[in-house]
Amino acid sequence: MGENGHGHPHEEPKQERSPWAARIRAVEELLAEKGLLTHGEVEAQVRYMEARSYENGARLVARAWTDPGFKALLLEDTKAACSELGIDASGSVEFVTVENTPEVHNLIVCTLCSCYPRAILGRPPDWYKSPAYRSRAVAEPRAVMREFGLEIPADLPVAVHDSSADVRYLVLPMRPRGTQGMSEEELAELVTRDCLIGTAVPREPARV
Amino acid sequence: MIRPAPAARFRPGDAVRVPDLRKRGHVRTPDYVKGKRGRVTGVLGEFPDPESLAYGGAGLPEKPLYRVSFRQADLWDGYEGAPGDTLHVDIYEHWLEPAE
């Protein structure tokens, strides 16, 4: 345990840096040494990524649930919808939002690597990048979702989206029952990260 | 459509087959759709060719990219799920040929 200058000790890493981390550090040093990029640029990119989270997606969903015009925009032009909420998704990557309905449940995976709408939602969860999720989500999506605690009724078709090219996908889940009269902020709190991937659906609020 | 694709060869509704081009390296077409039949559901636009980009090329000429849907039962032997279950993959034009 070491002091870190803000009043409480943080646990020191128990292990040496992994070989992968050491390799990345070496590559970064080389790139900096050759003048191809600076450590400042690397830091800026890390900050950019860390500043994004699934909460952006939750805001998009909550607005779409309360504003039909916004929902239409989100489904038609996800970048424009992001821009309307002040979310900067203006980079070169394209986004498509797929809508859960009483006729279809959507699930997102990238079998080839870990393509994910990072510019909107930040980094994907570790399991999203695991070979197990990537291989099983396409071949047995219902079993995978069951392991996440999500049982999709047999009469509800499942659409799996393998986002392995130039477009990143996110799910617009259905608004749960029992949410009439809730504010946009309260609705956003029902939307978890996994709801935007399709391994979960927003829960009905607990009745008090 | 997200970007224009004036030269797109296929249209939504077209039946297509994914040939096995036996290309190695950085192709974006997943193995499990090779040799399978599907249907174009959307034209996404023209995008740089990833098979050139991955090796330091400029990705030109750009390739039209399509949403292609498959019936899960057509992809996996003994698929356990509903008959209406589908799988959607984005596929570049040179990985598609007309089917029917």
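These values consider heavy atoms only, across backbone and side chains, with no hydrogens, waters or symmetry-generated copies. Letters A, B, ... mirror the listed sequences (proteins, then strands); counts begin at 1. Just so we're clear, the structure is a prediction, and the values are computed from it rather than from any experiment.
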* To do: Quick one: pull up CD1 in A/Ile108 and NE2 in B/His88 and give me the separation to the nearest 0.5 Å.
  => 10.0 Å

* Find the distance between CD (A/Glu94) and CG (B/Leu65) and round it off to the nearest 0.5 Å. => 10.0 Å

* Asked: Where do B/Ala82 and A/Arg142 come nearest, in terms of heavy atoms and distance?
  -> CB-NH2, 3.4 Å

* To do: Name the region of B/Pro30, side chain, backbone, both or neither, that has any atom closer than 4.5 Å to a heavy atom of chain A.
  => both

* Asked: Which atoms of A/Val109 come close to chain B, meaning under 4.5 Å heavy atom to heavy atom: side chain ones, backbone ones, both, or neither?
  -> neither

* Donor-acceptor under 3.5 Å (B/Arg28 side chain, A/Ser164 main chain) -> yes

* Structure fact -> Scored by heavy-atom pairs under 4.5 Å with chain B, the best of A/Ser163, A/Pro141, A/Cys113 is A/Pro141

* Would you indicate whether A/Arg123, at its atom CZ, is surrounded by more than 12 heavy atoms from other residues, nucleotides or ligands within a distance under 6.0 Å? => no

* Yes or no on side chain to side chain contact (heavy atoms under 4.5 Å, CB included) for B/Asp90 and A/Tyr169, after CA distance, side-chain angles and deciding distance? -> CA-CA 11 Å; B/Asp90 299 345; A/Tyr169 291 87; 2.9 Å; yes

* Asked: Counting only heavy atoms not in A/Glu29, do more than 12 sit closer than 6.0 Å to its CD atom?
  -> yes

* **Side chain, backbone, both or neither of B/Tyr92 within contact of chain A (heavy atoms, under 4.5 Å)** => side chain

* Please state whether the side chain, the backbone, both or neither of A/Cys115 comes within less than 4.5 Å of a heavy atom of chain B. => side chain

* Is it the side chain or the backbone of A/Ala154 that comes within 4.5 Å of chain B heavy atoms, both, or neither? -> backbone

* Structure fact -> Answer key: most heavy-atom pairs under 4.5 Å with chain B among A/Val138, A/Val167, A/Leu112 is A/Val138

* Rounded to the nearest 0.5 Å, what separation is found between the CG atom of A/Asp162 and the CD1 atom of B/Ile91? -> 9.0 Å

* Check each atom of B/Val68 against the heavy atoms of chain A and say whether the ones under 4.5 Å are side chain, backbone, both or neither. => neither

* State the CD1-NZ distance between B/Ile2 and A/Lys79, to the nearest 0.5 angstrom. => 8.5 Å

